[in-house]
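Values in this document were obtained by computation on a predicted structure and should not be read as measured data. Side chains are part of it too, since the values below use all heavy atoms of this structure and drop only hydrogens, waters and symmetry mates.
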Amino acid sequence: MCAVIGLAQSNGSQTRTQRSVQSSQPGPTFVVPESDLQKPTAVIAYGDMRFTDPSNVKATNTPARRALVARVAQERPDAVLLNGDLTMHGGDQADYAIYQTETQAWRDAHLRVFPALGNHEFANCEIPQCLQNWWRTFPELKDRRWYSVQLGTKLYVIALDSNDSLLPGSQQHRWLEAQIASLPKNFEFVFITMHHEPVADIQLGADDNPRPNEMAVVDLLNKEKLKSKAKFIVVAGHIHNYERFEQGGVVYLVSGGGGAPQQTVERTPTDLYQDESFPNFHYVKFVLDGDTVDATMYRLADSSGSVWEAKDTFKVEANRTGSPKSTKPDRAISRRGTTSSRSVLKQMQNQ
């Protein structure tokens, strides 16, 4: 059986993990028992922090980055989902050291942190060394680039690596299929955390629009959600802003407000978030309330970190009949890119 995981924690009672090789076998990689979760259960998600030298003001907004870390520690959620680009340069061990230093409050609070690989984790290093730096920081993930977590009896988390292939036939795609197919019927909500966004506001001429590699996840969910009772919530980053879509009963979020320089976004009509506030340094909090997940995007309203605004709220209701429920338009824009997924890693390392 899988064991409780507490990534990068110092609490001995929460660091015991099961080791396994990366495979296409179904079932969770890690399990957090229902008895270990708070009531109500809370999950926080965000990404694109770019932990690095605090004096590097071009790479990241250090005050915003630190304010978010402090706020998450104050919230004390049951799980923190980080969707990639934790560091500025994955090849620089000093960046990981800064991550450890600045997030000490998370370990003091014994938070469970579940990270996904971003493109910056593969910057300034060859892939093997990049992964060694990652696994040195998160030893429970040794030899895994993707994994899953069972949170109690209703919530499930799947962390993907969008730097590797997600296309049909790939190892990761087969693993994801097996994960969804093997979900117990009592699980009501599945969070998928990944770095590159599968659905977003298409920006003319931009090089960070949705790519075929991640859009394969959309295609898979369109097929598998018809067989699953669970509702899916996909949280990605890469775009340094906040966007929200619903497509075919699946919620797709862009949550890249962790500290990296914010990007302006020309919002399309299918983006369910139309607020013009900028910049959007933020995190998203999900609270399980019975058979409903209440979600709120909290935006940093001042550089001191003392004022936070609830800028977007929405609910995700469990499927009670086994078929997806959708009350919003499901025509979220996605466009087939021209970049081959095999060249994705090389291209993204420089962004």
Side-chain angles (χ1 to χ4, degrees), residues 3-22 29-30 32 44-54 56 59-60 62 65-66 68-70 72-73 77 79-149 157-164 193-196 235 237-238 256 258-260 283 345 348-349:
V4 176
I5 182 173
L7 294 182
Q9 292 184 358
S10 59
N11 182 1
S13 66
Q14 294 184 334
T15 56
R16 187 169 55 92
T17 66
Q18 174 185 342
R19 303 286 183 175
S20 64
V21 297
Q22 195 80 65
T29 312
F30 306 106
V32 179
I44 281 178
Y46 76 115
D48 292 277
M49 304 81 175
R50 292 189 180 179
F51 288 96
T52 193
D53 185 343
N56 188 346
T60 183
T62 300
R65 183 179 77 205
R66 290 176 171 174
L68 279 157
V69 168
V72 170
V80 182
L81 311 183
L82 305 179
N83 62 44
D85 281 8
L86 276 69
T87 62
M88 181 61 186
H89 298 113
D92 190 347
Q93 194 60 41
D95 283 4
Y96 281 107
I98 291 169
Y99 162 78
Q100 295 282 32
T101 299
E102 292 193 10
T103 60
Q104 182 61 47
W106 292 358
R107 289 182 293 284
D108 292 343
H110 307 304
L111 299 186
R112 301 178 186 89
V113 178
F114 301 107
L117 285 157
N119 56 285
H120 275 267
E121 272 68 63
F122 292 92
N124 289 9
C125 53
E126 297 297 323
I127 292 177
Q129 184 58 52
C130 297
L131 291 173
Q132 287 305 314
N133 289 345
W134 178 257
W135 291 328
R136 187 178 294 114
T137 305
F138 302 106
E140 294 88 346
L141 298 180
K142 178 65 175 175
D143 299 327
R144 302 186 186 97
R145 295 179 64 166
W146 49 87
Y147 61 95
S148 58
V149 184
V157 175
I158 297 175
L160 300 177
D161 177 9
S162 56
N163 301 279
D164 204 359
T193 178
M194 58 194 297
H195 184 61
H196 298 91
V235 187
H238 194 55
Y283 66 95
L345 179 57
M348 301 311 297
Q349 284 175 351

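- One finds the CG atom of D92 at 7.5 Å from the CD1 atom of I98 (value rounded to the nearest 0.5 Å).
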Criterion side chain to side chain contact (heavy atoms under 4.5 Å, CB included) on V80 and Y283, from CA distance to verdict: CA-CA 10 Å; V80 182; Y283 66 95; over 6 Å; no
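- When all heavy atoms of C125 and G90 are compared, the pair lying nearest together is SG-C, 3.9 Å.
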Candidate pair Y46 and V235, rule side chain to side chain contact (heavy atoms under 4.5 Å, CB included), full reasoning: CA-CA 8 Å; Y46 76 115; V235 187; over 6 Å; no
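- The two residues N83 and G237 have their closest heavy-atom pair at OD1-CA, 3.6 Å.
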Verdict with reasoning, T103 to V72, per side chain to side chain contact (heavy atoms under 4.5 Å, CB included): CA-CA 10 Å; T103 60; V72 170; over 6 Å; no
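- In this structure, the side chains of R145 and W135 come closer than 4.5 Å at one or more pairs of heavy atoms.
- Closest of all the heavy-atom pairs between A116 and L160 is CB-O, 3.7 Å.
- In this structure, C130 and L117 have side chains that are not in contact, with every pair of non-hydrogen atoms separated by 4.5 Å or more.
- In this structure the side chain of T52 reaches within 4.5 angstrom of the side chain of R65, judged on heavy atoms.
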K142 and Q132: CA distance, side-chain angles, deciding distance, side chain to side chain contact (heavy atoms under 4.5 Å, CB included) verdict: CA-CA 8 Å; K142 178 65 175 175; Q132 287 305 314; 3.3 Å; yes
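- Without hydrogens or angle criteria, E121 side chain to T87 main chain gives a donor-acceptor distance under 3.5 Å.
- Between H120 and R50 there is a side-chain heavy-atom pair separated by less than 4.5 Å.
- Here the straight-line distance linking atom CG of D95 with atom CD of Q100 works out to 12.5 Å at 0.5 Å rounding.
- Put simply, the side chain of T193 never gets that close to the backbone of L81: no donor and acceptor are under 3.5 Å apart.
- Using modelled atom types, no side-chain atom of S148 and backbone atom of I158 make a donor-acceptor pair closer than 3.5 Å.
- Taking both residues in full, the closest heavy atoms of V69 and E102 are given as CG1-O, 3.2 Å, listed atom of the first, atom of the second, then distance.
- At distances below 3.5 Å, at least one donor-acceptor pair connects side-chain atoms of D48 with backbone N or O atoms of H238.
- Closest approach of A59 and M88 over heavy atoms only: CB-SD, 3.6 Å.
- Without hydrogens or angle criteria, N119 side chain to D85 main chain gives no donor-acceptor distance under 3.5 Å.
- Listed for the T60 side chain is a donor-acceptor partner under 3.5 Å among the backbone atoms of G259.
- Below 30°, between 30° and 60°, or above 60°: for Y99 and F51 the angle between ring planes is above 60°, a perpendicular geometry.
- Below 30°, between 30° and 60°, or above 60°: for Y147 and F114 the angle between ring planes is between 30° and 60°, a tilted geometry.
- Atoms CG and CD, from L131 and Q129 in turn, are 9.5 Å apart once rounded to the nearest 0.5 Å.
- Under the 3.5 Å distance criterion, with hydrogens and angles disregarded, no donor-acceptor pair is assigned to the side chains of H195 and N163.
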